[in-house]
Amino acid sequence: MIAILKQDRTDGSAEQLYKVLTARGIIVQEIKGESTLMFGLAGDTSNIDVDELARFECVDSVIRVSEPYKLASKKFHPEDTVIDVAGHKIGGAGNFAVIAGPCSVESEEQILSVARDVKAAGATFMRGGAFKPRTSPYAFSGLGLDGLELLKMAREKTGLPIVTEIMSADYLDAFAEDVDVIQIGARNMQNFTLLRQVGALNKPVLLKRGLSSTLEELLMAAEHVMAGGTRKVALCERGIRTFETATRNTLDLSAVPVLKAKTHLPVIIDPSHATGYWHLVEPMALAATACGADGLIIEVHNHPEAALCDGAQSVTPQVFRRIMGKVAKIREAIA
Ligand code: PEP
Ligand code: MN
């Protein structure tokens, strides 16, 4: 971090800033030009805010040269994080997580049928929303706690761990008890209170990128979850808002190599919410695999045309099986 000081600062103000920073354990290097003075800050600057420095009267501008996150940073933790849920892994060389299932849990028959089919095709986790964020307050918003019960039943029958979204802190206890990987949806990526509370459960978390969030904001959200307590966080790119209307969102596949250079956390791609159309799920799932994603989350429905949520982007179990076959070939080719 570099603080550039004003030329017309009041006497003693630079010394005052120097004292404040060194008292916080920061190493301050003075860089003097003919008429300029800059402070180069070294050490752990992750808990120093640009705004905090800019508040000093003598500071003209501040430039960040290292990331504002630490727990999520590869610099502080070079080894890849591997999340292990009873032998089902997310992250780490050689592991590829496939989370599959319907957008929402609708009935016992539906979740059992889809869970069995995706397991047979090679999925390693099952998904299914019990609490759904819906744009319209009149749309189906999930079965709630009854949906969690159905997910538990499907887990018992298939052995697949449950990935499902938490919407409210009211259900922290239920999720701590019943859910294997707690999903934080795009709409809650910056609900910092919820991030902390979920982090404090010390459980695996799948954190989805906000609709219009930068990758740095996603990493800062992960930092919030980790500051809450857990170290088991996986990131999910699920498409971002752009001017393009041909797809529901725009899949930012470059997020994979960019994030993997910056963080040790696994990166999962969601081609379903990213594209909004079932026929685009396969090509994007294959591209995600080829570019080094640690896994996929895919919406699968036994009757997409009758789905209560996101039917247009849900693939059938048959298509899912075909995607899995091609994903396996790509993984072999790039291994
Ligand atoms: C979902 O996975 O069901 C979901 C609502 O996703 P997102 O938060 O990415 O929109
Ligand atoms: Mn969905």
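Order of appearance sets the numbers: ligands from 1, and atoms from 1 within every ligand. Everything quoted here is computed from the prediction, not taken from an experiment. Along the sequence shown, residues are numbered consecutively beginning with 1.
Closest to atom 4 (C) of ligand 1, if we only count protein heavy atoms, is H273 NE2, 3.5 Å. Protein heavy atom nearest atom 8 (O) of ligand 1, with residue, atom name and distance: A186 N, 2.8 Å. The shortest contact between atom 6 (O) of ligand 1 and any protein heavy atom is with K208 NZ, 2.9 Å. In terms of protein heavy atoms, atom 5 (C) of ligand 1 is closest to E165 OE1, 3.7 Å.
If you number the atoms of ligand 1 from 1 as listed, the ones under 4.0 Å from a heavy atom of R238 come out as 7 (P), 9 (O), 10 (O). Near G185, the atoms of ligand 1 lying under 4.0 angstrom from a non-hydrogen atom of the residue are 8 (O). Which parts of ligand 1 touch R187 is read off a 4.0 Å heavy-atom cut-off, strictly below it: atoms 7 (P), 8 (O), 10 (O). Below 4.0 Å from some heavy atom of E299 lie the following atoms of ligand 1, by number and element: 3 (O).
Heavy atoms of K132 approach ligand 1 to within less than 4.0 angstrom.
Counting heavy atoms from C-beta on, the side chains of T316 and N302 never come closer than 4.5 Å. With a 4.5 Å cut-off on side-chain heavy atoms, D270 and E237 do not count as touching. Contact annotation: the side chain of I48 approaches that of L53 to within less than 4.5 Å [non-hydrogen atoms, C-beta and beyond]. Counting heavy atoms from C-beta outward, I182 and K203 have side chains that approach closer than 4.5 Å.
Between OD2 of D310 and NE2 of H273, the angle at the Mn ion (ligand 2) works out to 100°, rounded to 10 degrees.
Residues R248 and D310 are paired through a salt bridge, judged by an N-O separation under 4.0 Å between the basic side chain and the carboxylate. Under a 4.0 Å N-O distance rule, the pair D60/K6 does not qualify as a salt bridge.
Residue-environment remark: NZ (K262) stays at or below the threshold of 12 foreign heavy atoms within 6.0 Å.
Of the possible polar contacts, none joining the E15 side chain to the L17 backbone as a donor-acceptor pair under 3.5 Å is found.
Here the N, O or S atom of E299 that is nearest to the Mn ion (ligand 2) is OE2.
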